[in-house]
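No hydrogens, no waters, no symmetry mates; every other heavy atom, side chains included, goes into these values.
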Amino acid sequence: MELGNRMLRALLSGLGRKGGTRGWAFSSWQPYLPLAGLLSATEVVSHWTAVFEKRGIPEAQASSEYIVAHVLGAKTELVEWVLKEVTQSSCPMGAQGGPLILEVGCGSGAISLSLLSQLPQSRVIAVDKGEAAICLTQENAQRLQLLDRIQIVPLDVTLEGSWSHLLPWGPMDLVVSNPPYIFHQDMEQLAPEIRSYEDPVALDGGEEGMDIITHILALAPWLLKDSGSIFLEVDPRHPELVGSWLQSRPDLSLDLVAVRKDFCGRPRFLHIRRSGPQCGCLMEA
């Protein structure tokens, strides 16, 4: 922890010098960072991964990536992408003049509440099957005075017919999710502290990390407006897997239209758009 704090101080002390994120000066950190000159985020991650590995710190690369992402504010790449798409969209939004957004697996409510705060006319339906997540999102929404624009619903999207509980709010403009996407075989490789304190259900995405992702995509015909969008955070192996899965399900009328990389250059964010008319309800189909 102390090394991580020192790394944060080093990064923060250099931010903004000689050209922003590419101009980090670490003159007071020669024992830890002998590399002189300008450094990219990827180079900083590589250096600190090596330092962490040498010191026996678990999850060396993941730890260094998280810290650099924290300093850069990169944890909100997904939110920023959604905001950009919404502000640049020429399509008419919900009745309130802003988008109606569904977040699947709201957790603490960070994504939903960030979008609400940046899109004053938007409304959010936030769902999660965990009682603790529902309570935490409620508390955070109340603290931020956003309760009037968010509906927080206990819901398990893997249960048959669960989508019907969302119909009273009308068709959605956007679906956003950071779902469980870790490949099941990778769960044992997680650091002990993660396995001890994180709910495995919130991490384990099944054999190929696709279990919840495919449930979300299968709900699209019933919940999304025509030309509505789905934004997902995924594993770097998922863009190809999701693309293949969508090709095998032409009935869903969903197209993978864009893939974005994280600050280390890995494909981690998907934009999927609905191209057909919204279905009425499952019984009618």
Heavy-atom closest pair (Arg266 atom, Pro236 atom, distance to 0.1 Å) is CB-CG, 4.1 Å
Are Ile230 and Leu167 grouped together when hydrophobic residues (ILVMFWY) are joined by side-chain heavy atoms under 4.5 angstrom apart?
-> yes
Looking at Lys225 and Asp173, is there a salt bridge between them, counting it only when a charged N and a carboxylate O are closer than 4.0 Å?
yes
Correct closest heavy-atom pair for Ser162 and Leu155 would be O-CD1, 3.5 Å
Result for side-chain contact (heavy atoms from CB on, under 4.5 Å) between Thr137 and one of Ser108, Ser112, Cys106 points to Cys106
Is it the case that the side chain of Asp156 and the backbone of Lys129 share a donor-acceptor pair, with hydrogens and angles ignored and the cut-off at 3.5 Å? no
What one should report as the nearest heavy-atom pair of Ile212 and Pro179 is CG2-CB, 4.0 Å
Between Pro239 and Leu256, the two heavy atoms sitting closest are O-CD2, 3.7 Å
Nearest heavy-atom approach of His271 to Ser229 is NE2-OG, 2.7 Å
Centroid separation under 6.0 Å, is that true for the rings of Phe183 and His238?
yes
(Q) Closer than 3.5 angstrom, by distance alone: can the side chain of Ser275 be matched with the main-chain N or O of Leu254 as a donor-acceptor pair? (A) no
When rounded to the nearest 0.5 Å, the distance separating CD1 of Ile272 from CG of Leu232 is 5.0 Å
*So Phe231 and Trp81, would you call those rings parallel, tilted or perpendicular, with 30° and 60° as cut-offs?*
perpendicular
CG of Asn178 to CZ of Phe269, rounded to nearest 0.5 Å, is 8.0 Å
**Message:** Hydrogens and angles aside, do Tyr181 and Arg268 bring a side-chain donor and acceptor to less than 3.5 Å of each other?
**Reply:** yes
Original post:
Is it the case that more than 12 heavy atoms not belonging to Glu131 sit under 6.0 Å from its CD atom?
Top reply: no
Tightest non-hydrogen contact, residues Leu116 and Arg149, listed as O-NH2, 2.8 Å
